[in-house]
Amino acid sequence: MTDTRGQGPSYETYNGPLPGERAGGQPQQGGPYHPPQAYGAPAQGGTAGGQNTAAVRKPRTGARTTPRTRKARLRVAKADPWSVMKVSFLLSIALGICTVVAASVLWMVMDAMGVFSTVGGTISEATGSNESNGFDLQSFLSLPRVLMFTSIIAVIDVVLMTALATLGAFIYNLSAGFVGGVELTLAEDE
């Protein structure tokens with residue numbers, strides 16, 4: 001391999017001042033190195049030649065003590081219908097499970113309080129006659145029947161919520177093509 005850079009300067013022949021020798025040509029005696037300052041020391045009057053040479057910044061009164069937040073304006077131009085469908089399907093399944101659990105807990109609490117027996121007795125007395133006992137509310141609102149009805153409602157809810165959210169994504173994409181979409185302002189706390 002050939003060196004094509006040519007002959008470089010020789011570093012052994014450097015004749016410039018060393019770091020300790022920069023202040024007036026006199027080497028510093030045992031102290032730390034202080035680089036040259038961009039601003040000179042302030043003059044007694046505070047100005048030299050009509051200009052202020054003070055290098056120290058004084059704090060402003062009423063300066064902000066809270067950190068500044070960065071903000072960005074973004075626009076939601078398109079919602080992917082496939083991802084909306086997946087997310088809405090999972091959320092509607094979670095909502096359906098919560099509905100079934102809430103219905104069973106509510107039924108158990110009402111049964112423990114004796115609501116079904118009290119209301120069932122009142123309804124059977126009101127609807128009963130000499131030949132029949134009337135409407136039996138406790139057998140009609142048994143726990144298996146309530147859970148089956150709630151499960152059917154939850155499955156219908158999953159299908160409808162998924163379909164409506166996906167349709168909503170298609171409609172949003174169409175309207176965002178005309179008006180540009182929803183604009184959001186996001187802020188970052190530092």
Side-chain angles (χ1 to χ4, degrees), residues 1 4-5 38 55-190:
M1 196 175 261
T4 59
R5 293 181 289 175
V56 178
R57 287 183 62 183
K58 295 180 181 176
R60 294 179 296 168
T61 57
R64 295 174 66 142
T65 57
T66 58
R68 188 171 193 158
T69 58
R70 294 188 304 178
K71 293 182 180 179
R73 289 183 61 125
L74 300 175
R75 186 169 47 100
V76 181
K78 183 183 177 192
D80 185 29
W82 177 248
S83 66
V84 170
M85 186 181 79
K86 290 188 292 187
V87 170
S88 64
F89 179 70
L90 290 177
L91 289 178
S92 60
I93 284 180
L95 184 65
I97 291 172
C98 289
T99 303
V100 171
V101 170
S104 63
V105 168
L106 183 64
W107 187 91
M108 288 180 199
V109 167
M110 289 176 73
D111 187 48
M113 291 172 50
V115 172
F116 295 126
S117 61
T118 305
V119 174
T122 305
I123 290 177
S124 65
E125 285 178 9
T127 58
S129 63
N130 292 337
E131 296 89 30
S132 66
N133 291 335
F135 182 71
D136 189 12
L137 182 68
Q138 286 180 312
S139 64
F140 182 73
L141 291 180
S142 64
L143 182 61
R145 186 175 276 182
V146 168
L147 289 181
M148 184 184 69
F149 181 72
T150 306
S151 300
I152 291 171
I153 296 294
V155 168
I156 293 171
D157 183 45
V158 166
V159 172
L160 284 178
M161 280 184 63
T162 304
L164 288 176
T166 308
L167 181 65
F170 279 114
I171 292 173
Y172 177 79
N173 290 339
L174 288 175
S175 64
F178 292 117
V179 296
V182 176
E183 288 187 6
L184 303 172
T185 301
L186 303 177
E188 177 185 10
D189 291 332
E190 293 183 10

Cut-off 3.5 Å, no hydrogens considered: what does the side-chain donor-acceptor table look like for residues 79-86, sequence neighbours left out?
| residue | atom | partner | partner atom | Å |
| --- | --- | --- | --- | --- |
| S83 | OG | D80 | O | 3.0 |

Can I get a per-line list of side-chain donor-acceptor pairs under 3.5 Å for residues 89-99, giving both atom names and the distance, sequence neighbours left out?
| residue | atom | partner | partner atom | Å |
| --- | --- | --- | --- | --- |
| S92 | OG | S88 | O | 2.9 |
| S92 | OG | F89 | O | 2.9 |
| T99 | OG1 | L95 | O | 2.8 |

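- Within the structure, every pair that satisfies the side chain to side chain donor-acceptor pair (under 3.5 Å) test and touches residues 169-183, not counting sequence neighbours, is listed here: R73-E183.
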Check residues 105-115 and write down every donor-acceptor pair under 3.5 Å in which the side-chain atom is one partner and the other belongs to a residue at least two apart or another chain.
| residue | atom | partner | partner atom | Å |
| --- | --- | --- | --- | --- |
| W107 | NE1 | L141 | O | 2.7 |

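- Listed by chain and residue number, nothing satisfies the side-chain contact (heavy atoms from CB on, under 4.5 Å) test with L174 (two or more places apart in sequence, or in another chain).
- The minimum heavy-atom distance between A187 and K71, with the atom names listed, is CB-CG, 4.0 Å.
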Solution key, residues 144-160 side-chain donor-acceptor pairs under 3.5 Å, sequence neighbours excluded:
| residue | atom | partner | partner atom | Å |
| --- | --- | --- | --- | --- |
| T150 | OG1 | V146 | O | 2.7 |
| S151 | OG | L147 | O | 2.8 |

